[in-house]
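Structure, as C-alpha cells:
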Number of protein chains: 2
Amino acid sequence: MGSNTKEVMVTEQQKHQKSNDASPQERTLKRAISDADKDVRRSEILAAAKRVFSTKGFHSTTIADIAKDANLSYGSIYWYFDSKDALFHELMTVEEQALKDYIYAARKDATTRPDQSFQAAVQATFEFFEADKALVKLLFRDSYALGDRFEAHLFRIYEGFVGDVEAVVTHYQEKGEIIDAPPHLVAFSIAALITEFAHRRLETDDGLPASVVADFVIKLLLEGLLPRRKDRSSGQSN
Amino acid sequence: MGSNTKEVMVTEQQKHQKSNDASPQERTLKRAISDADKDVRRSEILAAAKRVFSTKGFHSTTIADIAKDANLSYGSIYWYFDSKDALFHELMTVEEQALKDYIYAARKDATTRPDQSFQAAVQATFEFFEADKALVKLLFRDSYALGDRFEAHLFRIYEGFVGDVEAVVTHYQEKGEIIDAPPHLVAFSIAALITEFAHRRLETDDGLPASVVADFVIKLLLEGLLPRRKDRSSGQSN
DNA sequence: CCTAATAGATTGACGTATCAGTCAGCATAG
DNA sequence: CTATGCTGACTGATACGTCAATCTATTAGG
C-alpha cells in the first residue's frame, strides 16, 4: 500500500544489495572450486543438517535453518542437494556407514584379540552411541513422524544394525561364552537396550555416568546369557 | 476465468447445497445436544485422531484427515477442540490414563493374588502393548519430530510409565523374587524392551506370535533378575 | 397439537502463514 | 572475459484456524 510508484521501478541491483557494515567478519565466503573443496562443503552441510535435524526433528527443521547453521545462503543448499528429502536420505546413509564401520571394527577386534569378551563388545557399542547421541536420534528415533518416504530406509538401517549385532552374538555363542538363545531376538534386545538408554540419557541426563549404565545393561544381559555354571561371573549386586 | 457473471450472483443456499443423491446413507448427522452426546462426539473425534495420528504421524495428519475419519466437517473439529496441538495433547492424556489404569489393575492383581508372579505381571504388560500398537506409536515413538511443544508432555508420560513399572519391580524385590538391582534401571530396561518389541513387531510382522516374543523377553529378563539358586527356571533353549 | 422463534451445533470457503523449491542475477577464480 | 559457485527474493502449494451462514432440536406461543 502507499505510494508504490518508486518501488515498482526498483532495480535488481538495489534488491540484491547487502548490508556491508552489519557483520563484516563472516562475510565473503571462500568458493568451493575443486572437487575436494566441494566435498568439504557437502560435508559441512551434512554436519549442519545433522545438528539441526537431531535438535528440532525433521519436520520442524527448515532449509533456512540448515543454511544458517552452515553459514550458507538458502539457495546454496540446493546447489549441493536436490531436495530436503534427498539431503536427509544422504545424511542417513552417511551415518549408517559410520555405524557399520564401527561395528565391523569391533567384530574384527573380537575375532583377532582372544582376550576380547562379549561384554567388551557390547560395552564398546554402548559407548559409541553414548558418544554420538545425535546419531541415535536420526537413525533410531525419527522414523515414525517421517512418513512413508523414509520408513523403508530407516527400517533397512535398523535391520542392518541388528544383523551386525547378531553376527557378534553368534560369534560368542560359537565360542560357548553365551547360551544358544535365538540370536536374532538376542541381538534385537541388545539393540533395544542400547538405543533406548542412549536416547533416554540424552533426555534426562540424570547423574549416572555412561559407564555405570553400560555396566548395568551388560550385567543384566549377561546374567541371562551366560550358561548355567556353578560360579561364572556371578553378579554380586548392590 | 470465463463468464463469471452468474457465479458472482450465486446465493449462499446454492453454495451450501448438498448432493442428496450421492451417499444418502451417512448424511444428516445427528446433532449432539446433551452433554452426554457431546462427550460421545469428543470421544469419536479422539478415536479418529488416534487412528490417523498413529498411521500417518503428527505432521502428516491434517485436521481434514481427522474430520473425514470421524465423519464430521472440518469446522466441527474446532467446535470441540481449540487447536491441533490441544487435540493431540488431550489424546496423549487420555491414552496415558488408559495405560495407568492398566498398570494399576495389574499391580492390584499382583498384591492380591499370591500366585501372581513377576513373570505374569511383565507378560501382561507386554500383551497390553501388543494389543494396542497405536498407543505405542503415539506415546513412545512420535516424541521427537513433534518438537518442543510435546516433548515435556511425552517425557512426563514415559517417566510415569517407568515409575509404575518400578513399583512392580520393587514389590517383587521385597518378596525376594528378583535380585536387588537398582529398580529404576530395571524398570527402564523392561519398559525399553516392551516398547521396542511392540514397536518392532508392528513394523516387520515376522512370523513370531506375541506370546513367543513375550516368553523370550521374560526369560531373558528373569535369568538376570532371579537370585542365584541351584535350579530355578533354568532355560533349556533350542 | 401444530407452528414460529430461538439457541447452538454444524458446515466449508476464506484469510493467512509457513516453507520447499525455483530462478534470475551477482561475484569471483582462473 | 567466462564459467560457475553462490545469493535471496519470489512462487506455489499446503494446511491451520476463523467465521458468517445454515440447519435442526427444542421451546414458546396460538
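All values below were derived from every heavy atom in this structure, side-chain atoms included, with hydrogens, water molecules and symmetry-related copies excluded. In what follows, chains are A, B, ... by sequence order, proteins preceding strands, each numbered from 1.
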To the nearest angstrom, how far is Arg149(A) atom CZ from dA20(C) atom P?
11 Å
Pairwise distance CD(Glu44(B)) to CG(Asn71(B)) - rounded to 0.5 angstrom
9.0 Å
Starting at atom OH of Tyr80(B), determine the distance to atom P of dA9(C), rounded to an integer number of angstrom.
7 Å
Salt bridge (charged side-chain N to carboxylate O under 4.0 Å, His left out) contacts touching residues 69-83 of chain A (sequence neighbours left out)
Arg51(A)-Asp69(A)
Could you list all N or O pairs between the protein and nucleotides 25-28 of chain D that sit under 3.5 Å apart?
none

Is the distance between the ring centroids of Phe161(B) and Phe129(B) less than 6.0 Å?
yes
Restricting to non-hydrogen atoms, name the atom on Phe58(A) and the atom on Arg149(A) that form the minimum distance, rounded to 0.1 Å.
CE2-NH2, 3.7 Å
Taken to the nearest whole Å, CG/Asp65(B) to P/dT14(D) is 13 Å
Check the distance between dA9(C)'s C1' and Arg42(B)'s CZ and give it to me in whole angstrom.
15 Å
Residues forming a side-chain contact (heavy atoms from CB on, under 4.5 Å) with Val212(A), sequence neighbours excluded
Leu208(A), Pro209(A)
Rounded distance [0.5 Å steps], CE in Met92(B) versus CG in Leu46(B):
12.0 Å
Leu221(B) to Ile190(B) - nearest heavy-atom pair and separation:
CD1-CG1, 3.9 Å
Could you tell me the separation between the CH2 atom of Trp79(A) and the P atom of dC26(C), rounded to a whole number of Å?
17 Å
To check you understand the geometry: which heavy-atom pair defines the closest contact between Ala32(B) and Lys38(B), and what is its length?
O-CG, 3.6 Å
Please report the C-alpha distance between Arg156(A) and Glu96(A) in whole Å, then the side-chain angles of each, then the deciding distance to 0.1 Å, and finally whether the salt bridge (charged side-chain N to carboxylate O under 4.0 Å, His left out) criterion is met.
CA-CA 10 Å; Arg156(A) 246 193 345 270; Glu96(A) 180 190 14; over 6 Å; no
For dC6(D), does OP1 or OP2 lie under 4.0 Å from any side-chain N or O of Ser76(A)?
no
Net bend of the helix from dC1(C)-dG30(D) to dG30(C)-dC1(D), end axes of five pairs each, nearest 10 degrees
10°
Nearest-angstrom distance from the residue atom NZ of Lys38(B) to P of dA7(C)
15 Å
Shortest non-hydrogen contact from Val136(B) to Ala198(B)?
CG2-CB, 3.9 Å
Going by salt bridge (Lys or Arg N to Asp or Glu O under 4.0 Å), name the residues that satisfy it together with Lys100(A), two or more places apart in sequence or in a different chain.
Asp164(A)
Taking any heavy-atom pair under 4.0 Å as a contact, classify Phe81(B): base, sugar-phosphate, or nothing.
nothing
Could you state the CG-C1' distance from Asn71(A) to dG8(D), rounded to the nearest angstrom?
16 Å
Length of the line joining Ile45(A):CD1 and dC6(D):C1', which is rounded to integer Å
11 Å
Under 3.5 Å, N/O pairs linking protein and nucleotides 15-18 of chain D:
residue: dC16(D); atom: OP1; partner: Thr61(B); partner atom: O; Å: 3.4
residue: dC16(D); atom: OP1; partner: Lys84(B); partner atom: NZ; Å: 3.3
residue: dC16(D); atom: OP2; partner: Ile63(B); partner atom: N; Å: 3.1
residue: dG17(D); atom: OP2; partner: Tyr78(B); partner atom: OH; Å: 2.8
residue: dG17(D); atom: OP2; partner: Lys84(B); partner atom: N; Å: 2.8
residue: dG17(D); atom: N7; partner: Tyr74(B); partner atom: OH; Å: 2.6

